[in-house]
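Before any comments, here is the structure.
Order of the sequence lines sets the chain letters (A, B, ...), proteins ahead of strands, with each chain counted from 1.
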Amino acid sequence: MATSGKSETARPAAAHHEGGSRRDFIFLAGGAVGAFAVGAAVWPLIDSLNPAADTLAEATTEVDLNPIKEGQAVTVKWRGSPVFIRHRSKAVAEKAQSVPLADLRDPETDEQRFGAWPREQWLVVVGVCTHLGCIPLGQNPSDNRGEYGGWFCPCHGSQFDTSGRIRKGPAPTNLPVPPYTITKDNKLIIGQEQEKKPTA
Amino acid sequence: MSTPAAHGQSQNRTVKWINDRLPIFTFADHFQDYPAPRNLNYWWNFGSLAGLVLMIMIATGIVLAMHYTPNSELAFDSVERIMRDVNYGWLLRYVHMNGASMFFIVVYIHIFRGFYFGSYKSPREVLWWLGVVILLLMMATAFMGYVLPWGQMSFWGAKVITNLFSAIPLVGTTITEWLWGGFTVGNPTLNRFFSLHYLLPFVILGVVVLHIWALHTVKSNNPLGVEMKGPQDSIPFHPYYTVKDYFGVGVFLLVFAAIVFFFPNFLGEPDNYIPADPLKTPPHIVPEWYFLPYYAILRSFTQDWWFFQIVFSWWGVSAKLAGVLAMFASILVLFVLPWLDTSKVRSGRFRPMFKWAILVFLLDCLLLGYLGAKPAAEPWVSISQWATLYYFVHFLVILPILSRIETPKPLPHSIAEAVLKGGGGAAAGATAKPMEKA
Amino acid sequence: MLKLARTFILGAGLCAAAATAALAAEGTSPPLKDGDWSFEGVFGTYDSAQLRRGFQVYQGVCSACHGLRQVSYRNLLQIGLSEAQAKQIAGEKTKKVIDDTGDVVDKPRGLADRFASPFPNDQAAKAANNGALPPDLSLITKARLGGPRYLYSLLIGYVSNEECTKAFKDFEGKPLKPADGQYCNAYFPGHILAMAPPITADGQVEYTGENAPKATVQQMAKDVSAFLMWAAEPKMEERKRLGIKVILFLLLLTGVLYGIYRKVWAGIKH
């Protein structure tokens, strides 16, 4: 391309215009094809860093909910991250539902998150702080649960309520609700979406 | 050690034959004859020291990599095996581990030398940029290296820092999963960090070559900040500064050895001797000391900080994203430093107000470092917010204003004039050009 | 020379200040107790008789719940056990191997093997300990702030439940009340832990040998802390020995380099 520039300036102006535009086009086309080739060659390198097939295959986790009594909390591992499950009493769930949206940083009703009774008694959230990925405390009865009775992140002090919603501290969003299904025999399948309607 | 006849013009036919085809001898001569200001003080030792530490890190790192296993199941135990069973493994590991800290100590002093003596000013802007690029590469390398032992702090440090990218709107999650190679930090992450941790030091080496190239093009700054004007202002780098550098190396190695042999874990975190547990966050996640100031800046952005609300929140940036941006900006601002400080005078010695500004700035950096290790609670949050603000005010407000309002002290006309006038050494003007070759 | 030393010390000091400040900023526990160990200080070395006593305490008290998986049985020779003794200790534990017919069988461990952990995996360890995981002790002195001093203080720092309620508060400021299966310790972060006081009575482990001290609770705690310091940092003596040589050599080298520097620069004004 550099040599073409030189020869172009040496040519008479009229010829330059016609020949130049044809040449410009072919160089442009050449450049585009070349760029595509480089992009296509680099893409496998970039994409190879994305989660591999075996990693993606660990997509669902099953939990039997029957032994978890009201008020109890368990933590299970889903896709390498902890998922918090809490068996909420009706009072706790109703309290979470009654919080006005105006009080929330990331406005979401409890019902939008977990559905209606009896599904709402099961709180299922990914237990990874949305600030910088620490695991909030609150699953053990002796843990500090923060001012809102949910979870307290020890790293930077984020506090979550009994719906897993951010109420105080640096985290920008609520603890995410993973896609999950509760089957008729009270089995929880995390990683599989279900209509958030009453199961009964 | 007097300079032998320059090889570039050597009569030796073999030397000449090679030199005509690849002028490596001419190149080597350049280093011998490189004229350096005659008044460089000990603060100028830290550049060569940084080069030395880089070499030590590469040498120990290559050998350590021969014993280390980059697998999340095996990494921790393979490091312990190095510490216990490999011949001199404990020495290599402690040198490499503390070498990272020494590297940052040396480089931070080197940078503050540049701040105080105005080494970033014209014509040294590109030299300065290359230095900032080296700092960024060092930070990336150190961060990934710290992950490799796969202790609790390795894992959670990696998690917190990689999670910074999730602050990017829209594509944040895609980017973090791409970085991790999974849904969280795990074995794929460890593997790629190992690969990059091995690669980046050689990239650093390449940029260091450019850094020295630029240095040898524009020549060293000096404590007076007055350019060399003639041979009376300079002395050859070799032997004068080579012997001075060697002496500095001796003192540096004494400090380094004292830490490696007698306090090898002083700068480390006990938690990193606990194997990584993805389901248990340590009570305090603290980065290595050399990242603490940036960490303090990152954390100072909270949703209810007035500054955040005024500057960021109205255009929809979350506090998290603002913190990440500020953290990166704290380094990137160095790229434009040559145009923020527009004073014609380089050296802080002749700038009565700048002198104080740079001292307060140094204290602010140390304060940020202190705060970075504190839990995210009051009063530390408020203090770090003011300290963060001051960090940027120093660069963006104080330096530009100072450059305008300050009256510098009169500069000496030349290095030689200042050197020969001051100080009551026995040697007088006649000895001003000893050992200088024609 | 002084000027350079000052430059270094200033720089290193400023940087270290931040790190020290970070380390100093912890918790509400009383100051740690020191065990007056022989390995402390720049010239300190391990007292092998103490390490052997500490090993006895580990074997008799800790090893039921806590592993030592980074340490090999052959390492016991370093603290003065005979080969026969070490072999015998190793042989009491087994490991799974595959025999010629492809069956998984138990085989006694040998000197080359690492210490057997008391539980096959973390889940089993948790299940056997009320959900609490007894940590592996190979690196415990390096993995806790205060190291052997912390360990020693913890072992002798248990307090009764009444005292606990009086002395310590939880994060909400309410007095601490250990539940069933929980214990209170002045030095444990948060003060409530799942480990029962392990060393409770004088003579719990029988110290033999001529100059063996009386096996008081304090002595046993001190000895086992020393042993675990060795287990975490077995190369400490080698490190310090080499360190002294290196420092002496570097002092000489730096002195010579300073001499050369002065000689080359003699008469040059700078």
Side-chain angles (χ1 to χ4, degrees), chain B residues 1 38-43 45 77 80 83-84 90-91 94 101 104-105 108-109 235 239-240 243-244 246-255 257-258 260-262 264-267 270-271 273-274 283 286 289-290 292 362 366 369-370 372-374 419-420 423 425-427 431-432 434-435, chain C residues 1 3-12 14-23 25-26 42 69-72 75 135-136 138-140 142-147 189 232-235 238-240 242-244 246-247 250-251 253-258 260-261 263-265 267-270:
Chain B
M1 278 174 88
R38 60 190 304 145
N39 59 335
L40 299 186
N41 59 24
Y42 282 120
W43 293 109
N45 277 60
D77 288 356
E80 269 312 304
M83 293 295 289
R84 291 160 189 269
W90 58 271
L91 179 61
Y94 276 154
S101 285
F104 277 96
I105 290 177
Y108 284 155
I109 294 174
I235 42 175
Y240 295 102
V243 294
K244 195 173 180 179
Y246 280 137
F247 169 53
V249 164
V251 177
F252 167 76
L253 288 180
L254 272 168
V255 176
V260 164
F261 289 106
F262 299 108
N265 292 307
F266 174 72
L267 294 164
D271 277 42
Y273 284 109
I274 303 171
V286 190
W289 68 266
Y290 39 80
L292 289 173
L362 171 64
L366 293 173
Y370 175 77
K374 289 283 175 192
V419 167
L420 300 178
T431 54
M435 301 186 79
Chain C
M1 180 91 178
K3 219 165 132 196
L4 179 55
R6 214 179 55 201
T7 307
F8 266 115
I9 290 166
L10 185 72
L14 289 176
C15 294
T20 327
L23 295 178
E26 296 283 330
V42 170
R69 67 191 176 88
Q70 308 284 359
V71 182
S72 300
N75 297 138
D136 187 89
S138 317
L139 283 161
I140 203 76
K142 281 161 89 176
R144 296 290 182 276
L145 214 58
E233 193 72 358
K235 301 283 183 176
E238 191 184 339
R239 170 165 58 89
K240 287 179 179 172
L242 183 59
I244 289 163
V246 168
I247 296 273
L250 282 175
L251 280 172
L253 176 75
T254 309
V256 170
L257 289 173
Y258 184 64
I260 293 175
Y261 162 56
K263 180 123 199 323
V264 169
W265 279 78
I268 309 280
K269 300 226 0 167
H270 58 282

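If you check the side chains of B:Lys374 and B:Tyr370, you find a donor sitting under 3.5 Å from an acceptor.
For C:Asp136, the side chain to side chain contact (heavy atoms under 4.5 Å, CB included) test picks out C:Arg69, C:Ser117, C:Ser138, with sequence neighbours left out. The salt bridge (Lys or Arg N to Asp or Glu O under 4.0 Å) test applied to C:Glu233 returns C:Lys142, C:Arg239, not counting sequence neighbours.
The parts of C:Val42 that come within reach of chain B are both its backbone and its side chain, each placing non-hydrogen atoms under 4.5 angstrom from that chain. At a 4.5 Å heavy-atom cutoff, the contact between B:Leu91 and chain C is made by side-chain atoms alone. Neither the backbone nor the side chain of C:Leu253 comes within less than 4.5 Å of any heavy atom in chain B. At a 4.5 Å heavy-atom cutoff, the contact between B:Tyr94 and chain C is made by side-chain atoms alone. Neither the backbone nor the side chain of C:Ile140 comes within contact range of chain B; no heavy atoms are under 4.5 Å apart.
Ring geometry, C:Trp265 versus B:Tyr240: the interplanar angle exceeds 60°, so the pair is classed perpendicular (tilted spans 30 to 60°). The aromatic rings of C:Tyr258 and B:Phe247 sit tilted relative to each other, their planes meeting at an angle between 30° and 60°.
With respect to chain C, the highest number of heavy-atom pairs below 4.5 Å among B:Leu40, B:Ile274, B:Asp271 belongs to B:Ile274.
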